[in-house]
Amino acid sequence: MTDKEEVTGAGDNPQMILTGKKSGKASLLDSGEDFEMLSDDEIDDDPPPLEDAGGGKKTKKEPAEDQDASPSSLVDEWMDILGNGQLRKKVLRAGNGPDSRPTKGQNVVIHLKTSLADGTLIEEQPELSFTLGDGDVIQALDLTVQLMEMGETALVKADAKYAYGALGSLAPEVLPSADLALEVQLLDATEAPDLELLSPRERVALAGQKRERGNVYYQRGDYAFAVNSYGFALQITESSSKVDISLEEEDELMDIKVKCLNNMAAAQLKLDHYEAALRSCVSVLAHQPDNIKALFRKGKVLALQGEYADAIRNLKMALKLEPSNKVVPHSLILVMKETRWTADSSFWWI
């Protein structure tokens, strides 16, 4: 294949990765080459939620008995958003009241200054826009902005795992395991556009953004968040439209859909969600019966489920379509060894 994956850095989120023990078969076919072999320019469960921001815990000095708490005194409070001391928010300038807070699913615009914990400025973005709760930005922003009032300016101190994690980031340039200080001003919040009324070009662009975000999370090992982003992209590609769409634009949306399903299957495999991964592969093959990536991943899932004969059939189909591929035969050999079949077995040849 000539395509290459487009994956870059994003926020770590180890708590969102499922922690169940892997089965004894989890190592079977785990070549670590999923995205290399299945390199698209581009992976059904319900999208996993972000950690619940809740109400947070506030830490403040107790007012004197003869004093009433005033609005100005609230500005100096730190809110411990998750109750673990690793994500805190302090109001620098009060906003327009609790009723003006944005809600998940709305499109928000913020003025953001990103600094290291020692105050070194990394990046300033006067108008950063994203969909609140969709995982489009680092988790520190997704969790804190929904607790801000319109017009409010807040200082957010975020542990590395709610920012760019153990891997850091190239853009912006953040070293691994770096804690951040974020100065955030909430400028605007509007309802997300009706997908049915978006132009085809807008749908293609929006779905592409969600898919690329999923690739970011996959590369970082945040597989649950990757499934989340791919799920949002699929919703966009599959939504009905009240706007005329050309065959070319339909093909573009289908291309994004197939890439998302393929990559979703890879992420679901990493999470040991075998049935979900199998459904994703089947969906791809319903649209593209000769899709090598889907055949390969379907073969992996079936092998992990002990369906060796079907696994071998799918892997051989992938190999027949791309004889020069080096990963498929390696996986096929592993399955053959697992089942103690030999090259002269009736299953070897298609």
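All values below were derived from every heavy atom in this structure, side-chain atoms included, with hydrogens, water molecules and symmetry-related copies excluded.
Separation of atoms CG (Asn291) and CD (Gln288) is listed at 5.0 Å; rounding is to 0.5 Å. Taken from CG in Asp290 to NZ in Lys320, the straight-line distance is 10.0 Å, to the nearest 0.5 Å. Between Leu180 atom CG and Leu141 atom CG the span is 9.5 Å, to the nearest 0.5 Å. Between the OG atom of Ser241 and the CZ atom of Arg203 there is a distance of 5.0 Å, given to the nearest 0.5 Å. For the atom pair CG of Leu195 and CD of Glu238, the computed distance is 11.5 Å after rounding to the nearest 0.5 Å. Note that CG of Leu92 and OG1 of Thr153 are 6.5 Å apart. Values are rounded to the nearest 0.5 Å.
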query: After noting the C-alpha distance and the side-chain angles of Lys104 and Asp134, does the key distance pass the salt bridge (Lys or Arg N to Asp or Glu O under 4.0 Å) rule?
result: CA-CA 8 Å; Lys104 288 183 179 181; Asp134 275 15; over 6 Å; no
task: In sequence, state the C-alpha distance, the side-chain angles, and the governing distance for Asp159 and Asn84, and then conclude on side chain to side chain contact (heavy atoms under 4.5 Å, CB included).
output: CA-CA 10 Å; Asp159 183 87; Asn84 59 11; over 6 Å; no
- prompt: Checking ring pair (Phe, Tyr, Trp, His ring centres under 6.0 Å) for the pair Tyr223/Tyr217: CA distance, chi angles, key distance, verdict?
  reply: CA-CA 6 Å; Tyr223 303 119; Tyr217 284 124; over 10 Å; no
task: Evaluate side chain to side chain contact (heavy atoms under 4.5 Å, CB included) for Leu253 paired with Ile245, printing each intermediate quantity in order.
output: CA-CA 10 Å; Leu253 286 170; Ile245 182 170; 3.7 Å; yes
task: Start with the C-alpha distance between Glu212 and Val216, add both sets of side-chain angles, then the distance that settles side chain to side chain contact (heavy atoms under 4.5 Å, CB included), and finish with yes or no.
output: CA-CA 6 Å; Glu212 289 168 3; Val216 165; 5.8 Å; no
message: Thr103 vs Leu132, test: side chain to side chain contact (heavy atoms under 4.5 Å, CB included). Steps then yes/no.
response: CA-CA 7 Å; Thr103 57; Leu132 189 59; 5.9 Å; no
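For Ala303 against Ala311, the heavy-atom pair with the smallest separation is N-CB, 3.5 Å. Between Leu121 and Thr114, the closest heavy-atom pair is CD1-O, 3.5 Å. Of all heavy-atom pairs between Ala160 and Ser177, the closest is CB-C, 3.5 Å. Here the closest non-hydrogen pair linking Ala158 and Ala140 is CB-CB, 3.7 Å. Taking all atoms of both residues into account, the shortest heavy-atom contact from Ala226 to Ala267 is CB-CB, 4.3 Å. Across all non-hydrogen atoms, the minimal contact from Leu116 to Ala181 is O-CB, 3.9 Å.
Between the side chain of Arg213 and the backbone N or O of Gly135 there is at least one donor-acceptor pair closer than 3.5 Å. Listed for the Gln146 side chain is a donor-acceptor partner under 3.5 Å among the backbone atoms of Asp142. In this structure, the side chain of Arg297 engages the main chain of Asn262 through a donor-acceptor pair within 3.5 Å.
Atom CG of Leu247 is surrounded by 12 or fewer heavy atoms from other residues, nucleotides or ligands within 6.0 Å. The neighbour count for Asp244 CG, taken as heavy atoms of other residues, nucleotides or ligands under 6.0 Å away, does not exceed 12.
Within the structure, the salt bridge (Lys or Arg N to Asp or Glu O under 4.0 Å) test picks out the following pairs touching residues 184-201 (sequence neighbours left out): Glu196-Lys242, Arg201-Glu252. The side chain to side chain donor-acceptor pair (under 3.5 Å) analysis of residues 121-133, with sequence neighbours excluded, yields the pairs Asn107-Thr131, His111-Glu124.
The shortest distance between side-chain heavy atoms of Tyr164 and Pro172 falls below 4.5 Å. Inter-residue side-chain proximity for Tyr230 and Val227 is flagged as unmet; no heavy-atom pair is nearer than 4.5 Å. Residues Asn215 and Arg211 have side chains in contact (heavy-atom distance under 4.5 Å, counting atoms from C-beta outward). A heavy-atom distance below 4.5 Å is not found between the side chains of Tyr162 and Ile138. A heavy-atom distance below 4.5 Å is found between the side chains of Lys257 and Leu234. Side-chain contact between Glu149 and Leu186 is absent, with no heavy-atom pair separated by less than 4.5 Å. The closest side-chain heavy-atom distance from Leu278 to Gln305 is below 4.5 Å. Within the 4.5 Å cutoff, the side chain of Ile110 has no heavy atoms near those of the Leu187 side chain.
Linking ILVMFWY side-chain heavy atoms closer than 4.5 Å, directly or via other members, places Phe130 and Ile122 in a single hydrophobic cluster. The hydrophobic cluster containing Val328 also contains Tyr308, counting ILVMFWY residues as joined when their side-chain heavy atoms lie under 4.5 angstrom apart, directly or transitively. Residues Val327 and Leu319 are members of one and the same hydrophobic cluster, defined by side-chain heavy-atom contacts under 4.5 angstrom among Ile, Leu, Val, Met, Phe, Trp and Tyr. Cluster annotation: Leu302 is connected to Leu304 through the hydrophobic network of ILVMFWY side chains, with a link wherever side-chain heavy atoms come within less than 4.5 Å. Note on Ile236: it does not cluster hydrophobically with Val258, by side-chain heavy-atom contacts below 4.5 Å among ILVMFWY residues.
With Glu152 as the partner, the side chain to side chain donor-acceptor pair (under 3.5 Å) test is satisfied by one option alone out of Gln185, Arg101, Lys89, Arg93: Lys89.
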